[in-house]
Amino acid sequence: MPYELFEVDKEIPDRKKHTYVKDSADPTDEIPKCNTTTIPGCMTERGCAFAGVKGVITGAVKDVIHVVHSPVGCTTYGCGSKRYPTSPDLPNGDKVPIDQFNLKYIMGTDLKESDVVFGGMKKLRQSVLEAAKEFPFVNAIYTYATCTTGLIGDDMDAVAKELSEEIGKDVIAFNAPGFSGPTQSKGHHVGNLTLFNKLVGTKEPPETTPYDINLIGEYNIDGDLWVLEKYFDEIGIKLLSKFTGDCSHDEICWMHRAKLSLVRCQRSATYIADLIEEKYGIPYIKVDFFGPRYCAENLMTVAKHFGLEEKAEKLIQQEMAEIQPKLDFYKEKLQGKKVWVFSGGPKNWHLPEPLKEHLGMETVAVSTMFEHEDGYEKIKERVGEGTVILDDPNSLELEEIIEVYKPDIILSGIKEKYIAHKFGVPCVLIHSYENGPYIGFEGFINLAQDIYASIYNPVWNMLEFEETPEDGKLKTESGVSSEQKISSEKTGKEVV
Ligand code: CFM
């Protein structure tokens, strides 16, 4: 049977359908059940639909202020949570006057009980006007529905329309209350649709060239976008619009003028590429730049589209020559190490092959928070026999993966990092990165270096565990749990 019920899931048998163990003999449609609501009883690692739109799609836009229509908790949660840096430069030559403005500021309507009873539209209006006054340099104001305002049914679009006219700038409402879908993936979709419907086609770029592209689904995590921008620059391809890493509000408005779209994150942003193709006839290519081979192949594909193969060839040779000695070093050190990859979705199929091919590492477990069928098909293609593929793992399963599949390293997010550490397993962040960028040629070396530094960190040799048969829990030699031992070493105080 390709599906497996984890020990910790005995009381939640439905989890079995979400836990697939790769067997090449299976037909391709054998993949974990996915994109459904979390099973009650599971402590999920997922984010909400509001997080999907603000935390992923729109949060990187550098010259807008966000007004979250919610009690204050969602506003706090929505502030600067993702590491997408921006440059201050705007396409018209202006500069955003506050450095990394997109990461530093967010506003909220601070809804109270009486607003829930009597409606919050007045407060929203007031807050948007205040935002326009506080930050006069912004080029647009984005507002967000949340669970509370979705439930009371405030008409965000009506307020946005009225205020756009009054303020003379775009005020956009994003209607993705937290509960509107099973995961943040729903928010990605709403973000794409809203930006397409409200913005694309409404402005013209200052200039165009025959080599203009939209780079879609690249959010500039720790500078990824700037690595790709440098490559495209050298090949002679111009990024007319980015969606949405280091992007300005206006760039989204003129995405209809590009000659080609590239879709980098195919989970969060294929929607807008499809819509642009359908309405404006601009084709798109799905691209993957993680790992040297994928990066080289995909740069060539894009260059070919514009007849710029020679320049791409030259760039690839240069970059490969530069990284090869480092790649050889890390491969020697990391060969045979076992990995568990846990991300939202796409990074789970981007990484296993490059890790195998360039570093000799074996992916033994893969899990995602919100991947859909197409992504799971790619994951299945790209991992070896016996790899466990989990959809929406709960926190107890995370521990069981560590105990059963014994990864040497976990590539994941901050929520899992400390679980891993408590089990004495190193962890490298692949959502927000440790020392990125991780994309492209030099990015892959950064990733390899972080993996190497984590696995070979001498701290792991200082931990000693022994099994206690009574409860099966991991204990250190002295009898205190590993967690207690680490904290006592840190504080110098005895833990009882
Ligand atoms: Fe796309 Fe992303 Fe990802 Fe994503 Fe994310 Fe992310 Fe991710 Mo964290 S946009 S789907 S919602 S590649 S924040 S940069 S790492 S879960 S796999």
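For the numbers below, each heavy atom of this structure counts, side chains included, while hydrogens, waters and symmetry mates do not. Counting convention: from 1, in listed order, for ligands and their atoms alike.
- Looking at atom 15 (S) of ligand 1, its nearest protein heavy atom turns out to be Lys347 NZ, 3.1 Å.
- Under a 4.0 Å criterion applied to the non-hydrogen atoms of His188, ligand 1 contributes the atoms 11 (S).
- Pairing each heavy atom of Ala173 with each of Asp157, the nearest pair is CB-OD1, 3.6 Å.
- Taking each heavy atom of Asn192 and Ile272 in turn, the nearest pair found is OD1-N, 3.0 Å.
- When hydrogens are left out, the protein atom nearest atom 4 (Fe) of ligand 1 is Phe370 CZ, 4.0 Å; that is the closest non-hydrogen contact.
- Proximity annotation for atom 14 (S) of ligand 1: of His431, Glu45, Lys82, Lys82 comes nearest, heavy atoms only.
- Close approach to Tyr219 involves these atoms of ligand 1, each under 4.0 Å from a residue heavy atom: 9 (S).
- Between the Asn214 side chain and the Ala258 main chain, no donor and acceptor come within less than 3.5 Å of each other.
- Applying the ring-ring contact (aromatic ring centres under 6.0 Å, His included) test between His189 and each of Tyr271, Phe174, Phe370 identifies Tyr271 as the sole match.
- Checking Cys265 against atom 1 (Fe) of ligand 1, an N/O/S atom falls under the 2.8 Å cut-off.
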Test log, rule side-chain hydrogen bond (donor to acceptor under 3.5 Å, both in side chains), inputs Tyr438 and Asp450: CA-CA 10 Å; Tyr438 283 168; Asp450 283 343; 2.4 Å; yes
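- With a 4.5 Å cut-off on side-chain heavy atoms, Pro91 and Glu251 count as touching.
- Between His66 and Tyr144, the distance from one ring center to the other falls under 6.0 angstrom.
- Scanning Ala269, Gly344, Gly52, Pro346 for the heavy atom closest to atom 3 (Fe) of ligand 1 points to Pro346.
- Listed by atom number, the atoms of ligand 1 under 4.0 Å from Gly345 heavy atoms are 17 (S).
- In this structure, a donor-acceptor pair under 3.5 Å is present between the side chains of Asp170 and His249.
- Residue-ligand proximity, Ser343 to ligand 1, at heavy-atom distances under 4.0 Å covers atoms 17 (S).
- When each atom of ligand 1 is checked for a heavy atom of Val56 under 4.0 Å away, the hits are 9 (S), 11 (S).
- Atoms of ligand 1 lying under 4.0 Å from at least one heavy atom of Ile221, given by number and element, are 14 (S).
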